[in-house]
Amino acid sequence: MDSRTVGILGGGQLGRMLVEAANRLNIKTVILDAPNSPAKQISNSTEHIDGSFTNSDDIIALAKKCDIMTIEIEHIDVNTLKSLNTINPNLKIYPSPDTIELIQDKYIQKEHLIKNGLKVATSQPIETPTVEALEKVGEQYGYPFVLKSRKFAYDGRGNFVVKSKENIPAALETLKDRSLYAEKWAPFFKELAVMIVRTINGRVFSYPVVETVHENNICHLCYAPAQVPDSVRLKATLMAENTIKSFPSCGIFGVEMFYLENGEILINEVAPRPHNSGHFTIDACVTSQFEAHIRAILDLPFPKNFGNLATSTTNAIMLNVLGASEKDDELKVCERALATPDTSVYLYGKESRPGRKVGHINIIASSMTECERKLAYVTGNSEEQVK
Ligand code: ATP
Ligand code: MG
Ligand code: MG
């Protein structure tokens with residue numbers, strides 16, 4: 001399909017699913033991550049690099065082996081990325097290092113979104129992380145508010161919900177040694193997300209708006225399409241498209257949003273890569289978010305129905321498979337999923353640890369009620385097996 005080699009910084013589950021999409025199109029991928037990482041397990045190339053996407057020498061080694069470099073995680077060494085053209089002058093990097101840099105620091109990302117007219121929760125940097133400084137924030141924002149790490153955050157690791165003044169020392173202790181900002185509480189009714197793919201020549205395609213449900217800060221379920229009025233879906237889509245148009249880049253992006261009780265929509269954050277809220281696209285859409293990314297960075301064709309649901313009656317629920325407290329107990333859910341029609345199980349080849357994302361399940365049906373019936377069986381909340 002294309003003789004160029006794609007280098008991927010990061011070989012976790014997102015990298016693994018990018019490799020799957022690339023494999024189907026005969027596109028060669030080279031991965032930089034730890035040995036036997038999920039993406040490497042499904043690609044027998046001898047050229048993968050064992051190392052880290054935060055290590056400059058390892059990134060340079062990858063740059064020498066590929067024509068196009070991309071990421072499956074934004075927490076990479078961006079300064080090295082910016083210098084790679086001296087090593088490989090023909091190397092293309094998508095998304096652009098500037099975009100990754102803007103997004104990496106969640107406070108700078110917020111400032112960028114505000115500058116571009118997008119609504120976000122009010123926030124402020126915490127230059128000196130002291131009890132007094134946070135008490136002042138509490139007076140301004142009220143409680144709860146969220147203390148957040150500006151960088152290296154994922155799955156809520158890096159967030160602390162400050163529920164009262166008494167909570168402040170614990171928040172500072174939990175997030176010590178990290179660069180912080182404080183964010184006003186967003187009283188959301190639902191959390192929404194939209195996957196957007198942007199082509200090299202700047203065309204933007206959006207996937208259906210979904211609703212995500214988080215448990216302990218980790219995405220637990222994703223309903224596609226979101227069960228909200230059409231006007232809300234339209235507004236969320238436009239906001240997500242405008243968000244992505246504000247970043248000079250190409251590839252797939254995830255836009256997380258808060259749909260507030262008063263009807264307002266705020267952008268929570270942007271991911272410059274495939275996203276958990278886009279896993280449903282593998283089974284529910286004409287083209288998956290992973291193939292969308294591969295097509296975008298290689299400048300392959302995008303027909304006009306790109307991003308659409310597979311049929312006008314397709315509904316989907318994605319359930320994340322998290323490591324259970326008893327080792328491998330989560331496989332029981334997977335077995336029930338395998339016994340359910342139009343339901344697909346994806347395991348990532350990761351060792352099971354309690355709370356760790358080790359896979360996901362996509363449930364498809366012609367109505368959301370039917371998806372929910374299947375979900376109840378899969379999760380063991382109902383013994384009624386959907387045949
Ligand atoms: P991700 O894994 O999505 O990158 P993250 O670690 O960057 O997560 P956030 O997206 O900032 O964390 O927050 C995780 C979750 O915490 C959100 O999806 C939401 O449920 C809750 N949350 C975050 N910020 C706020 C807020 N200001 N008000 C209310 N809830 C919030
Ligand atoms: Mg994040
Ligand atoms: Mg998030």
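Keep in mind that the numbers below use all heavy atoms, side chains included, and drop hydrogens, waters and symmetry copies. Nothing here was measured: the structure is a model prediction, and the numbers come from that model. Whatever order the structure lists ligands and atoms in, that order sets their numbers, starting from 1. The residues of the chain are indexed from 1 along the displayed sequence.
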Note to self: Quick one, I317 with M368, criterion side-chain contact (heavy atoms from CB on, under 4.5 Å). Give me CA distance, side-chain angles, the key distance, then yes/no.
What the structure shows: CA-CA 8 Å; I317 295 181; M368 199 50 91; 3.7 Å; yes

Could you identify the single nearest non-hydrogen protein atom to [atom] and state the distance to 0.1 Å?
atom                    : result
atom 28 (N) of ligand 1 : A186 N, 2.8 Å
atom 27 (N) of ligand 1 : E183 OE2, 2.8 Å
atom 30 (N) of ligand 1 : F188 CE2, 3.5 Å
atom 21 (C) of ligand 1 : N217 OD1, 4.1 Å
atom 9 (P) of ligand 1  : N159 ND2, 3.6 Å
atom 6 (O) of ligand 1  : G156 N, 2.7 Å
atom 11 (O) of ligand 1 : K148 NZ, 2.7 Å

Answer with yes or no after comparing the ring centroid distance for [X] and [Y] against a 6.0 Å cut-off, counting only values under it.
X    : Y    : value
H279 : F290 : yes
Y346 : Y348 : no
H275 : F253 : no

Item checked: Under-4.0 Å heavy-atom contact with ligand 1, by part of V161 that carries it ->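 Neither; nothing of V161 gets under 4.0 Å from ligand 1.
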
Notebook entry, point to check: Backbone, side chain, both or neither: what part of K106 comes under 4.0 angstrom of ligand 1, heavy atoms only?
Noted result: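 Within the 4.0 Å criterion, K106 contacts ligand 1 through side-chain atoms alone.
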
Check: Can you check whether L9 reaches M69 side chain to side chain, under 4.5 Å on heavy atoms?
Finding: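 Yes. Closest side-chain heavy atoms under 4.5 Å.
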
For [X], is at least one N or O under 3.5 Å away from an N or O on ligand 1?
X    : answer
D155 : yes
F258 : no
A121 : no

Checklist line | Pairs touching residues 291-300 that satisfy side-chain hydrogen bond (donor to acceptor under 3.5 Å, both in side chains), sequence neighbours left out | finding: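 Qualifying pairs: R24-E291, T70-H293, E291-R295.
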
Notebook entry, point to check: Is it true that F145 lies under 4.0 Å from ligand 1, counting heavy atoms only?
Noted result: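 No heavy atom of F145 comes that close to ligand 1.
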
Notebook entry, point to check: With a 4.0 Å cut-off on heavy atoms, is G158 touching ligand 1?
Noted result: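 No; G158 lies far enough from ligand 1 that no heavy-atom distance drops under 4.0 Å.
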
Margin query: Tell me if a side-chain donor or acceptor on N315 pairs with a main-chain N or O of T313 at a distance below 3.5 Å.
Written below: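 Side chain of N315 to backbone of T313, a donor-acceptor pair under 3.5 Å: yes, one is there.
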
Margin query: If we ignore hydrogens and angles and just use 3.5 Å, is the side chain of E191 paired with the main-chain N or O of E211 as donor and acceptor?
Written below: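 Not confirmed, E191 side chain does not pair with E211 backbone.
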
Next item on the list: Please assess K40 against D50 for the test side-chain contact (heavy atoms from CB on, under 4.5 Å), listing each intermediate value before the final yes or no.
Entry: CA-CA 10 Å; K40 289 184 183 175; D50 291 340; 2.6 Å; yes

Notebook entry, point to check: Quick one: which ligand 1 atoms are inside 4.0 Å of a heavy atom on V146?
Noted result: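 Selected atoms, number and element: 25 (C), 26 (C), 27 (N).
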
Would you be so kind as to tabulate the donor-acceptor pairs closer than 3.5 Å made by side chains of residues 151-161, with sequence neighbours excluded?
{"unit_1": "Y154", "atom_1": "OH", "unit_2": "R157", "atom_2": "NH1", "d": "3.4"}
{"unit_1": "D155", "atom_1": "OD1", "unit_2": "K357", "atom_2": "NZ", "d": "3.0"}

Checklist line | Check: S96/D98 side-chain N/O donor and acceptor closer than 3.5 Å | finding: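 Side chains of S96 and D98: no pair found under 3.5 Å.
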
Next item on the list: Please say whether the positively charged group of R198, taken as NZ for Lys or CZ for Arg, lies over the ring of F205, i.e. under 6.0 angstrom from the six-membered ring centre and within 45 degrees of the axis.
Entry: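 The answer is no, since R198 fails at least one limit relative to F205.
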
Checklist line | Count, waters excluded, of protein N, O or S atoms under 2.8 Å from the Mg ion (ligand 2) | finding: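 For the Mg ion (ligand 2), protein nitrogen, oxygen or sulfur atoms under 2.8 Å: 2.
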
Margin query: Nearest non-hydrogen contact with atom 18 (O) of ligand 1 belongs to which option: E269, E256, E191?
Written below: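 Answer by nearest heavy atom: E191.
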
With a cut-off of 3.5 Å and sequence neighbours excluded, list every side-chain donor-acceptor pair involving residues 229-236.
{"unit_1": "D230", "atom_1": "OD1", "unit_2": "R233", "atom_2": "NH2", "d": "2.8"}
{"unit_1": "R233", "atom_1": "NH1", "unit_2": "A226", "atom_2": "O", "d": "2.7"}
{"unit_1": "R233", "atom_1": "NH1", "unit_2": "V228", "atom_2": "O", "d": "3.4"}

Item checked: E173 bridged to K176 by N-O distance under 4.0 Å ->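 So E173 pairs with K176 through a salt bridge.
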
